Structures are given as C-alpha cells and as structure tokens.
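The structure appears below as structure tokens.
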Amino acid sequence: MMCVVCVGGEMFRSALGKTLGFVGYTIQYGCIAHCAFEYIGEFVACSGPSMEPTITSHDVVFSERLSRHLCRIENGDIVIAKSPFDPHMNICKRVIGLEGDKVCTSGPSDVFKTHQYVPKGHVWLEGDNLRNSTDSRSYGPVPYALIRGRVCLKLWPLHHVGALNQSPTGRVVKRSD
C-alpha cells in the first residue's frame with residue numbers, strides 16, 4: 001500500500017518541475033525575442049501624415065537595427081527615431097543631412113534661403129510631406145543616438161509591399177566626398 005503523503009509529494013514535485021521548466025523556456029524565448037527586436041529589427045505601425053505619400057497612416061514597415069549599430073545610416077534613408085520632444089514617442093522621418101552637411105532650412109517658396117550645418121554626432125531629419133511635418137526644421141539637428149533603426153521595407157498594405165522609394169521632395173543633401 002502506497003503512502004498518500006508520498007504520492008502527493010511526487011505530484012507536487014512533478015508539477016513544480018513542469019512549472020519551473022515552463023518559466024525557464026519563457027525566460028529564454030523572451031530574451032531571444034528581446035535581443036532580436038533590440039539588435040536586428042522590429043515591425044512598426046506608422047501613424048500621421050508627415051511621411052506622405054511614401055508612408056501613410058496605418059502602414060506597417062520593417063525597421064532594421066544593424067545599420068544604426070554599424071553607423072551605416074545615409075542621406076535619403078528613412079529612420080525611426082525617438083522624438084526630441086517626447087522620449088516615449090517614436091518618429092519616422094527621412095535623413096536629409098549627416099554631420100558636416102550644409103542643409104537648406106528655409107521652405108521651397110521662401111525668397112531668402114537660410115542654411116545650417118549639421119553638427120558632429122547629429123542628423124537632419126525631415127518628413128516627406130513638408131507642409132505637414134514637425135521635424136528638424138522645427139527642433140533642429142537630432143542626435144544620432146536617438147535613431148532606433150532604418151526603415152527598409154513596407155509590409156502593409158499588401159499591394160504596396162516592397163522597398164521604399166526615393167524622396168518625393170528632392171531635398172536630400174548630396175555628399176561631395
């Protein structure tokens with residue numbers, strides 16, 4: 001005859017072992033997912049009109065992180081960055097100028113043109129929809145450290161899946177080096 005306490009103890013140890021195993025796998029997969037999203041890339045649902053017509057509200061894009069970590073962000077790239085105004089909010093803008101570039105800060109219809117040099121460790125970001133974008137023209141150059149990733153693909157809507165096109169404004173600074 002088996003002892004009831006022994007059977008209960010074995011059941012408890014078995015349940016505890018399964019629970020700890022599940023917790024262990026959950027932590028492992030959580031760490032893998034965190035590293036993938038932090039160092040490889042992430043899916044981003046965009047909202048707002050600042051990048052129209054290239055990216056519209058409710059478009060889903062893939063933002064890869066390797067370019068940022070390898071300092072491979074270039075003029076013309078679309079990036080996801082932390083907002084200089086609100087660190088809890090991300091922005092999606094196009095890189096118009098890199099450190100050392102001279103950027104035209106006046107609007108297309110302005111008679112007198114003004115320029116600014118992008119300081120070391122910063123980038124100049126603008127939305128493709130110049131009339132409806134809060135960007136570096138409002139808050140100045142953005143520290144490179146605020147860039148989270150480079151947008152490389154539009155994934156949604158399905159009829160627009162693919163690489164993103166060039167700037168419709170033509171405001172990307174051409175490097176002379």
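It should be emphasised that the depicted structure is a prediction, and the values quoted were computed from it without experimental measurement. Scope of the values below: all heavy atoms of this structure, side chains included, with no hydrogens, waters or symmetry mates.
For the residue pair S83/D86, the side-chain donor-acceptor check at 3.5 Å is not satisfied. Side-chain contact, T54 with K154: no donor N or O sits under 3.5 Å from an acceptor N or O.
At distances below 3.5 Å, at least one donor-acceptor pair connects side-chain atoms of R65 with backbone N or O atoms of R148. Although no hydrogens or angles enter the test, the distance criterion places no donor-acceptor pair under 3.5 Å between the side chain of T56 and the main chain of E52.
Side-chain contact between V151 and V44 is absent, with no heavy atoms from C-beta onward closer than 4.5 Å. In this structure, the side chains of I73 and R150 come closer than 4.5 Å at one or more pairs of heavy atoms.
Remark: Y117 engages no residue in a ring-ring contact (aromatic ring centres under 6.0 Å, His included) (not counting sequence neighbours). A search for ring-ring contact (aromatic ring centres under 6.0 Å, His included) contacts involving F85 returns Y139, not counting sequence neighbours.
Comment: E126 does not engage R94 in a salt bridge, judged by the lack of any side-chain N to carboxylate O separation of less than 4.0 angstrom.
For the side-chain contact (heavy atoms from CB on, under 4.5 Å) with L125, the qualifying choice from I78, V79, I96 is V79, the only one to do so.
Of all non-hydrogen atoms in L98 and V95, the two that sit nearest each other are CD2-CG1, 3.7 Å.
For H115, the NE2 atom counts as densely surrounded, since its 6.0 Å shell holds more than 12 non-hydrogen atoms of other residues, nucleotides or ligands.
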